[in-house]
There are 2 protein chains.
Amino acid sequence: MKHFIIFVVYISKISKMNFEQGKQEFLGTWGTLATQWGINRTMAQIHALLLISPEALSAEEIMEELSISRGNANMNIRELITWDLVKKILKPGERKEFFEAEKDMFEIFKRVARERKRREIEPVLKVLEQLSSIEEDSTSVDVVQFRKTVKNMTEFVSNANKTIDTIIKADENWFFSSIFKLMK
Amino acid sequence: MKHFIIFVVYISKISKMNFEQGKQEFLGTWGTLATQWGINRTMAQIHALLLISPEALSAEEIMEELSISRGNANMNIRELITWDLVKKILKPGERKEFFEAEKDMFEIFKRVARERKRREIEPVLKVLEQLSSIEEDSTSVDVVQFRKTVKNMTEFVSNANKTIDTIIKADENWFFSSIFKLMK
DNA sequence: TCATACTTTCAAATATTATTGAAACATTTA
DNA sequence: TAAATGTTTCAATAATATTTGAAAGTATGA
């Protein structure tokens with residue numbers, strides 16, 4: 001009996017979702033996902049909120065909707081702006097700043113790719129380059145395997161880097177249709 | 001003068017790197033990178049250590065080399081095994097378990113892609129699916145924009161998911177050469 | 001079966017990262 | 001210029017995630 005009730009509650013929870021619940025679910029899911037991606041929860045939630053918002057929102061409205069502090073909101077909005085995912089809007093006659101998200105998914109993807117490339121891939125390539133020039137003429141298996149690993153990794157990361165450049169320049173339809181042609 | 005000395009120290013640091021230093025730099029860099037990717041530092045360092053090691057290593061050797069505790073080593077080795085990046089080796093006559101990493105970079109990339117797809121993309125698709133069925137026949141701009149966002153996102157994530165499937169099945173040379181052909 | 005050699009678990013300690021909120025700072029308007 | 005209205009900063013605090021290490025668990029072989 002107990003299990004039956006739990007089951008009914010569960011079903012009604014997923015099937016009778018209204019707008020407000022759907023919205024909360026969306027913001028929450030996006031936030032959780034972001035955590036796994038090394039982006040912080042709040043930043044992702046603000047972005048998600050702006051994505052589903054037809055109008056640009058003020059810092060106040062964002063704080064209110066997500067129940068977060070002024071400082072937190074400010075920091076993460078700024079960060080979203082440096083990622084080029086959100087822009088500041090000044091409405092004529094209003095003194096307040098408003099914020100609006102880029103809404104095209106492929107565009108979002110490309111901007112995230114560009115930022116991650118800059119922050120992660122490029123520094124790694126620099127280190128790998130340095131490592132390929134260690135001065136050790138030992139022929140021990142350790143050194144040999146180290147060299148081999150560094151070489152393979154450099155090659156791979158450098159190819160991946162070029163691939164990302166391609167994607168960044170690509171147009172969505174062209175990109176996916178090219179990829180899907182490759183599948184056959 | 002002070003700056004000159006700092007400069008010389010810096011240059012000698014990057015140019016006179018020997019094997020031991022190079023190794024530490026490699027382990028450290030890989031660990032840092034992993035943090036940004038939502039993977040923990042130790043897991044990445046163990047993987048890196050096994051990558052540059054010509055022989056399979058025991059838990060003891062891993063603990064020793066990375067100065068980590070037994071529990072930590074064990075947890076992260078197990079996690080690497082579930083990601084299919086490391087496998088257990090039983091040497092005949094030895095009672096101890098040894099561990100060995102997959103060394104082919106493209107293979108590593110594919111296995112990480114497979115795992116992340118399973119852990120991140122698929123759950124998100126499930127949520128998006130649910131969200132596209134919210135019962136709200138309001139025609140408010142909010143609801144309209146919400147529907148639009150969910151629809152676009154579903155489409156994009158689903159294409160990305162298929163793309164990852166393609167990559168997982170691909171062979172390295174074929175994949176990169178196809179991508180590079182697209183660039184022209 | 002028991003001693004031994006090894007692996008796994010998990011609660012507590014530690015380290016890391018995110019968040020708050022009040023104060024400082026900046027800009028606009030009367 | 002002062003008051004009003006916003007924005008930004010940052011030290012303190014809270015929340016999360018990682019790590020330790022001792023104890024429990026397991027498999028091996030004499």
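Here the structure is a predicted model, which means the values were calculated and not measured. Proteins come first, then strands; the chains are lettered A, B, ... in the order of their sequence lines, and each starts at number 1.
Looking at heavy-atom distances under 4.0 Å, A/E60 makes no contact with the nucleic acid at all. Base engagement by B/N72 is indicated by at least one non-hydrogen atom pair under 4.0 Å involving a base atom. Backbone-only engagement by A/R78 is indicated by non-hydrogen atom pairs under 4.0 Å involving sugar-phosphate atoms exclusively.
Look at NZ on A/K91: it is 16 Å from C1' on D/dG6, rounded to the nearest Å. Rounded to whole Å, atom P of C/dA15 lies 16 Å from atom CD1 of B/I68. Between the CZ atom of B/R70 and the P atom of C/dC6 there is a distance of 9 Å, rounded to whole Å. C/dT20 atom P lies 14 Å from atom CD of A/E64, rounded to whole Å. Rounded to an integer number of Å, the gap from A/I89 CD1 to D/dT7 P is 14 Å. Per the geometry, CG belonging to B/N40 stands 18 Å off P belonging to D/dT16, to the nearest Å. If you take CE of B/M63 and P of D/dT20, they are 9 Å apart, rounded to a whole angstrom. Atoms CG (B/L90) and P (C/dC6) sit 13 Å apart, rounded to a whole Å.
Of the candidates C/dT17, C/dT19, D/dT7, C/dT19 carries the atom nearest the A/M75 side chain, counting heavy atoms from C-beta on. Between C/dT8, D/dT19, D/dT8, one nucleotide has an atom nearer to the side chain of B/N74 than all others, and that is C/dT8. Side chain of B/N76, nearest nucleotide from D/dT19, C/dT8, D/dT8: D/dT19. Each of D/dT19, C/dG21, D/dT7 was ranked by its minimum atom distance to the side chain of A/S69; first place goes to C/dG21. Nearest to the side-chain atoms of A/A59 among the listed nucleotides C/dA18, D/dT19, D/dT7 stands D/dT7.
No hydrogens or angles considered: nothing links the side chains of B/Q36 and B/T32 as a donor-acceptor pair under 3.5 Å. Between A/S58 and A/E61, the side chains place a donor N or O and an acceptor N or O closer than 3.5 Å (distance only, hydrogens not considered). For the residue pair B/T149 and B/Q145, a side-chain donor N or O sits within less than 3.5 Å of a side-chain acceptor on the partner.
In this structure the side chain of A/R114 reaches within 4.5 angstrom of the side chain of A/D84, judged on heavy atoms.
Residue B/T42 places at least one side-chain N or O closer than 4.0 Å to OP1 or OP2 of D/dT19. OP1 and OP2 of D/dA15 both lie 4.0 Å or more from every side-chain N or O belonging to A/R41.
More than 12 heavy-atom neighbours from other residues, nucleotides or ligands sit within 6.0 angstrom of CZ on A/F98.
If you check distances only, the side chain of A/R95 never reaches the base of C/dT29 with a donor-acceptor pair under 3.5 Å.
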